[in-house]
A.B. asks: 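Could you have a look at this structure, given as structure tokens, before my questions?
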Amino acid sequence: MQILQTKIPGLVIIEPDVFADQRGYFFESFNEDKYKKQGIISKFVQDNVSSSVRGVIRGLHYQLAPFSQAKLIQVLKGKVLDVAVDLRQGSPSFGEHISIELSDENHRQFFVPRGFAHGFSVLSDEVLFSYKCDNLYSKEAERGINFNDPFLGIDWQISPHEAIISGKDQALPSLQEAEHNFIFRN
Ligand SMILES: Cc1cn([C@H]2C[C@H](O)[C@@H](COP(=O)(O)OP(=O)(O)O[C@H]3O[C@H](C)C(=O)[C@H](O)[C@H]3O)O2)c(=O)[nH]c1=O
């Protein structure tokens, strides 16, 4: 497996070893020992799966500390633009984001540590999206930032007017208005 660093420390791209043959392909989508050796030290406690159609944008979501979640993200079918925004107080890259294409062709995974808002846009007819979390869902601690916040300047590769967004996400505040309390630790 290959680990690719991004310009935001902690946000890493994982390229698993894919074994292809005439039947199709196989790869380990998680291996605690190998991921720990690469510095991905999270005790995942919840797996999530969502299915979305082309044009959907889900996010930007996060949970307030101490319920914040690190996520190991992958696409089982289809293609997304996956986005993580740094909300860690004191982080030199606070408010900055990384966007990455995840698909069932590149098999890439995205590790997003605690303290980031997360979302994705769907760039294929449909997508099967799967991710591991290292903290359980907490509805009370759930928060979000508006995907279209001009301060963030995210290009979702989908026109905001054509995007398919939940009513909840459409009503999310801007980064400036949002509540977040992530303590940044080196
Ligand atoms: C996240 C979550 C949701 N739910 C329930 C709550 C709602 O009744 C229903 C749909 O939830 P929501 O519309 O928030 O689903 P997404 O828009 O896919 O939310 C996710 O979107 C972005 C991409 C994320 O990174 C988060 O993990 C997560 O917030 O599932 C649960 O029961 N457990 C959960 O862990």
A.B. asks: Counting only heavy atoms not in Glu105 (residues, nucleotides, ligands), do more than 12 fall under 6.0 Å from its CD?
C.D. replies: no
A.B. asks: Hey, what do you get for CG (Asp155) to CG (Leu81), rounding to the nearest 0.5 Å?
C.D. replies: 7.5 Å
A.B. asks: Measure from the side-chain N and O atoms of Arg143 to the backbone N and O of Glu140, and report whether any donor-acceptor pair falls under 3.5 Å.
C.D. replies: yes
A.B. asks: Using the rule that two of Ile, Leu, Val, Met, Phe, Trp, Tyr join whenever any of their side-chain heavy atoms come within less than 4.5 Å, decide whether Ile98 and Phe94 are in one cluster.
C.D. replies: no
A.B. asks: Per the side-chain contact (heavy atoms from CB on, under 4.5 Å) rule, which among Leu152, Ile158, Val83, Ile165 passes with Phe147?
C.D. replies: Ile165
A.B. asks: Could you tell me the separation between the NE2 atom of His97 and the CG atom of Leu87, rounded to the nearest 0.5 Å?
C.D. replies: 12.5 Å
A.B. asks: If the plane angle is over 60° it's perpendicular, under 30° parallel, otherwise tilted; pick one for Phe26 and Phe19.
C.D. replies: tilted
A.B. asks: Are there over 12 heavy-atom neighbours, none belonging to Lys43, within less than 6.0 Å of that residue's NZ?
C.D. replies: no
A.B. asks: Could you report the tightest heavy-atom contact between Leu172 and His61, atom names first, then the distance?
C.D. replies: CD1-CD2, 4.1 Å
A.B. asks: Got Leu11 and Ile100 here, is their nearest side-chain heavy-atom distance under 4.5 Å?
C.D. replies: no
A.B. asks: Are a donor atom and an acceptor atom from the side chains of Gln69 and Tyr131 found within less than 3.5 Å of each other?
C.D. replies: no
A.B. asks: Can you confirm whether Lys71 sits close enough to Phe110 that some side-chain heavy atom of one is under 4.5 Å from a side-chain heavy atom of the other?
C.D. replies: no
A.B. asks: Measure from the side-chain N and O atoms of Asn135 to the backbone N and O of Ser68, and report whether any donor-acceptor pair falls under 3.5 Å.
C.D. replies: yes
A.B. asks: Show your reasoning for whether salt bridge (charged side-chain N to carboxylate O under 4.0 Å, His left out) applies to Asp125 and Arg54.
C.D. replies: CA-CA 5 Å; Asp125 288 340; Arg54 184 184 296 273; 2.9 Å; yes
A.B. asks: Nearest 0.5 Å, what's the CZ-CD1 distance between Phe120 and Ile57?
C.D. replies: 10.5 Å
A.B. asks: Any side-chain to backbone donor/acceptor pair from Ser121 onto Trp156? Under 3.5 Å, distance only.
C.D. replies: yes
A.B. asks: I'd like to check Cys133 versus Asn48 (side-chain heavy atoms, cut-off strictly below 4.5 Å). Are they in contact?
C.D. replies: yes
A.B. asks: Rounded to the nearest 0.5 Å, how far does CD1 of Ile8 lie from CG of Asp86?
C.D. replies: 5.5 Å
A.B. asks: Under a 3.5 Å distance rule, please check whether Ser42 uses its side chain to pair with a backbone N or O of Asp134 as donor and acceptor.
C.D. replies: no
A.B. asks: In this structure, would Phe151 and Ile154 fall into the same cluster of hydrophobic residues linked by side-chain contacts under 4.5 Å?
C.D. replies: yes
A.B. asks: In terms of side-chain geometry, is the basic nitrogen of Arg108 or Glu101 positioned less than 4.0 Å from the acidic oxygen of its partner?
C.D. replies: no
A.B. asks: With rounding to the nearest 0.5 angstrom, report the CD1 to CD1 distance, Ile13 to Ile73.
C.D. replies: 11.5 Å
A.B. asks: Is there a side-chain contact between Tyr137 and Glu142, using heavy atoms and a 4.5 Å cut-off?
C.D. replies: yes
A.B. asks: Determine whether Val127 and Ile164 fall in the same hydrophobic cluster, where Ile, Leu, Val, Met, Phe, Trp and Tyr are linked whenever their side-chain heavy atoms lie under 4.5 Å apart.
C.D. replies: yes
A.B. asks: Determine yes or no for a side-chain-to-main-chain donor-acceptor pair under 3.5 angstrom, with Gln109 supplying the side chain and Ser29 the backbone.
C.D. replies: yes
A.B. asks: Locate the shortest heavy-atom distance separating Asp169 from Gly59; write the atom from each residue and the value.
C.D. replies: OD2-N, 3.1 Å
A.B. asks: How close do Asp104 and Tyr25 get, counting heavy atoms only, and between which atoms?
C.D. replies: O-OH, 4.2 Å
A.B. asks: Val112 and Leu60: same hydrophobic cluster, using ILVMFWY side-chain contacts below 4.5 Å?
C.D. replies: no
A.B. asks: Closest heavy-atom contact between Asp149 and Leu175?
C.D. replies: OD2-N, 2.7 Å
A.B. asks: When you measure from the side chain of Ser138 to the backbone N and O of Ala141, does any donor-acceptor pair fall under 3.5 Å?
C.D. replies: yes
A.B. asks: Evaluate the side-chain proximity of Lys37 to Asp33: yes if any heavy-atom separation is below 4.5 Å, no if none is.
C.D. replies: yes
A.B. asks: Ignoring hydrogens and angles, tell me if any N or O in the side chain of Ser103 forms a donor-acceptor pair with the backbone of Lys79 under 3.5 Å.
C.D. replies: no
A.B. asks: Hey, would you say the Phe182 and Tyr62 ring centroids sit under 6.0 Å apart?
C.D. replies: yes
A.B. asks: Identify whether Phe111 and Ile41 are in the same connected component of the hydrophobic contact network (ILVMFWY, side-chain heavy atoms under 4.5 Å).
C.D. replies: no
A.B. asks: What is the ring orientation for Phe44 with Phe30, classed by angle as parallel under 30°, tilted 30 to 60°, or perpendicular over 60°?
C.D. replies: perpendicular
A.B. asks: Assess the residue pair Lys77 and Ser51 against the criterion (side chain to side chain contact (heavy atoms under 4.5 Å, CB included)); give the C-alpha distance rounded to whole Å, side-chain angles, the decisive distance to 0.1 Å, and a yes or no.
C.D. replies: CA-CA 9 Å; Lys77 199 78 187 152; Ser51 169; over 6 Å; no
A.B. asks: Taking C-beta and beyond as the side chain, do Met1 and Tyr35 meet within less than 4.5 Å on heavy atoms?
C.D. replies: yes
A.B. asks: Give me the atom names and distance for the closest heavy-atom approach of Gly10 to Pro113.
C.D. replies: O-CG, 3.2 Å
A.B. asks: Between Val53 and Val122, is there a side-chain heavy-atom distance shorter than 4.5 Å?
C.D. replies: no
A.B. asks: Does Phe27 reach the side chain of Gln74, with side-chain heavy atoms less than 4.5 Å apart?
C.D. replies: yes
A.B. asks: Taking Ser174's backbone N and O only, do any of them form a donor-acceptor pair with Asn146's side chain (distance below 3.5 Å, no angle check)?
C.D. replies: no
A.B. asks: How long is the straight-line distance from CZ of Arg58 back to OG of Ser166, given to the nearest 0.5 Å?
C.D. replies: 8.0 Å
A.B. asks: Considering all heavy atoms of both residues, which atom of Phe129 and which atom of His118 are nearest to each other, and what is their separation?
C.D. replies: CZ-CE1, 3.7 Å
